[in-house]
Number of protein chains: 2
Amino acid sequence: MSFGTPQGEMPRQAPIRLLIADDEQLIRGALEALLGLEPDIEIVAGADDGVMAAELTLGLLPDVCLLDLEMPRADGIEAAEKIIAEAPEVRVIIVTRHARPGVLRRALAARISGFVPKSMPAGELADVIRDVAAGKRYIDPEIAAAALTAERCPLTERELDVLRVTRTSSSVQDIAEALFLSTGTVRNYLSAAMTKLGAANRRDAAEQAWQQGWI
Amino acid sequence: MSFGTPQGEMPRQAPIRLLIADDEQLIRGALEALLGLEPDIEIVAGADDGVMAAELTLGLLPDVCLLDLEMPRADGIEAAEKIIAEAPEVRVIIVTRHARPGVLRRALAARISGFVPKSMPAGELADVIRDVAAGKRYIDPEIAAAALTAERCPLTERELDVLRVTRTSSSVQDIAEALFLSTGTVRNYLSAAMTKLGAANRRDAAEQAWQQGWI
DNA sequence: CGAGACCTGTGACAAATGTCACGGGTGACC
DNA sequence: GGTCACCCGTGACATTTGTCACAGGTCTCG
């Protein structure tokens with residue numbers, strides 16, 4: 001378009017090399033179309049899941065990775081951890097549908113550079129990518145505020161374990177077997193968690209903990 | 001681009017007028033970018049939810065509506081029902097993340113013209129839109145096969161009602177109050193549904209019925 | 001060392017849940 | 001008219017779940 005002619009006060013010589021990971025092909029293709037319109041962004045690869053995203057990233061070393069949070073095999077944060085551990089110069093942006101406060105904390109702990117919800121206007125995404133490529137950070141202000149006002153987790157490690165399994169088990173018996181505990185112990189943990197969270201039953205408690213991003 | 005010059009054997013005079021509804025702005029914007037690249041497609045509006053989609057459609061009368069299934073206020077099928085009832089000449093395509101067999105049946109009953117999963121390659125979407133605009137139908141073959149092999153619902157109307165409420169209520173008492181029934185009756189319906197579905201508890205039964213698209 | 005938090009377990013109890021048998025009512029279909 | 005499916009309810013029963021008190025173990029911190 002502009003034959004590389006500098007336009008702004010700080011022109012970037014090479015285009016920003018971008019990798020996009022999203023398990024929904026339609027969405028990934030649409031994002032590629034959206035960002036492909038930007039002259040200073042070059043899409044170098046697309047990935048279907050977290051494992052593939054990490055592998056491609058470590059091979060191609062793009063400037064920026066756009067990772068969906070919900071993906072098979074490895075979620076966006078797991079992929080980000082692997083990427084940043086082995087190629088810390090790559091900047092990672094997490095995109096998510098349901099932004100839970102605790103997830104942002106997990107993402108920040110993984111040292112990601114950007115965190116945006118899918119509710120963000122499409123026109124702003126390219127600017128976020130440019131900021132991140134330039135070494136800045138971008139955290140969605142709504143989610144950041146929610147994460148700051150959210151109280152920290154009152155549950156113990158074991159209570160969290162039990163709630164985690166609760167989400168996929170139907171009976172206390174199942175939970176106990178999965179964790180190699182007696183049913184009585186499981187019920188004690190569940191009762192404690194329910195009391196702390198003010199939940200009426202274990203499923204509500206597990207749902208609350210999930211919403212908060214604690215599990 | 002082509003100044004209206006016929007290019008194919010059956011050139012369409014005017015571009016296809018398209019409305020896109022998706023509650024996630026980023027996705028909607030990306031789809032607009034993707035489809036905006038097609039010279040024969042003109043995006044006339046975007047909507048954030050099902051109610052807004054129906055209102056805009058009835059006002060603008062686009063050729064084709066692309067509706068996300070999961071939306072606030074009214075889901076894609078509810079919006080499609082309203083649109084097709086009042087403006088049957090508008091073609092509707094439903095796009096969905098989790099394609100459950102029963103949902104396809106509901107969508108077909110609403111007389112939609114297209115049904116595509118978000119796992120579809122982005123490049124094919126424009127072709128589907130063209131086919132649909134030309135009066136054809138496009139149903140994703142995977143989902144169609146699943147819908148044909150899926151057995152039909154063994155549950156009675158009332159059992160389905162109870163399972164529907166079960167998904168959002170925590171106790172039998174709540175379900176009974178929501179449906180103006182006695183708790184005993186609710187437990188009987190639940191027991192019957194659980195037996196028919198081979199579920200261990202009411203939540204599993206509700207989950208199964210949901211997965212099948214029966215509720 | 002003592003206090004306190006956490007992990008794990010038991011036993012007892014009340015409430016919620018699921019199962020079963022049974023009753024009466026309606027409406028459709030043969 | 002009889003049969004059948006469905007709707008709605010009751011009552012009795014076993015199981016599951018949630019609550020509570022308590023107890024022994026580890027580990028950390030002052």
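The sequence lines fix the lettering, A, B, ..., with proteins before strands; numbering per chain opens at 1.
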| task | Just call it for B:S170: base, sugar-phosphate, or nothing, with non-hydrogen atoms closer than 4.0 Å on any strand. | result | sugar-phosphate

| said: Considering every strand and a 4.0 Å limit on heavy-atom distances, what is the contact class for B:T195: base, sugar-phosphate, or nothing? | reply: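 Nothing, no nucleic acid heavy atom in range.
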
| said: Taking the basic N atoms (NZ, or NE/NH1/NH2) and the acidic carboxylate oxygens, is any pair closer than 4.0 Å for A:D75 and A:R106? | reply: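 Judged by the 4.0 Å cut-off on N to carboxylate O distance, A:D75 and A:R106 do form a salt bridge.
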
| query | Does a salt bridge link A:D48 with A:R28, judged by any charged N lying under 4.0 Å from a carboxylate O? | reply |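 Looking at A:R28 together with A:D48, the answer is yes, because their closest N to O distance falls below 4.0 Å.
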
| Minimum-distance pair of heavy atoms, taken over all atoms of B:P62 and B:V90 |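 Shortest heavy-atom contact: O-CG2, 3.5 Å.
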
| query | Closest approach of B:I93 and B:F115, non-hydrogen atoms and distance? | reply |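 B:I93 and B:F115 have their closest heavy atoms at CG2-N, 4.4 Å.
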
Just how far, in rounded Å, is [atom2] of [N] from [atom1] of [X]?
| X | N | atom1 | atom2 | result |
| --- | --- | --- | --- | --- |
| A:Y189 | C:dA5 | OH | P | 16 Å |
| A:R202 | C:dT17 | CZ | P | 11 Å |
| A:R187 | C:dC7 | CZ | P | 19 Å |
| B:L160 | D:dC7 | CG | C1' | 14 Å |
| B:L181 | D:dC6 | CG | P | 17 Å |
| B:K196 | D:dA5 | NZ | P | 11 Å |
| A:E177 | D:dT16 | CD | P | 12 Å |
| B:E159 | D:dA5 | CD | C1' | 11 Å |

| Does the D:dC8 base have a donor-acceptor partner in the side chain of B:N188 within less than 3.5 Å? |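 In this structure, the two groups form no donor-acceptor pair.
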
| task | With DNA chain D as reference, determine whether B:P154 or B:S182 sits nearer its 5' end, using the nearest nucleotide of each. | result | B:P154

| Straight-line distance of B:L104 CG to B:D140 CG, nearest 0.5 Å |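 B:L104 atom CG to B:D140 atom CG measures 9.0 Å (nearest 0.5 Å).
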
| Closer than 4.0 Å, any side-chain N/O of B:S191 to the OP1 or OP2 of C:dT19? |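 Answer is yes, contact under 4.0 Å.
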
| field | Below 4.0 Å: OP1/OP2 of C:dC7 and any side-chain N or O of A:T156 | value | yes

| field | Selection from C:dC7, D:dT10, D:dC7 that lies nearest to any side-chain heavy atom of A:R158 | value |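 The nucleotide sitting nearest to the side chain is C:dC7.
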
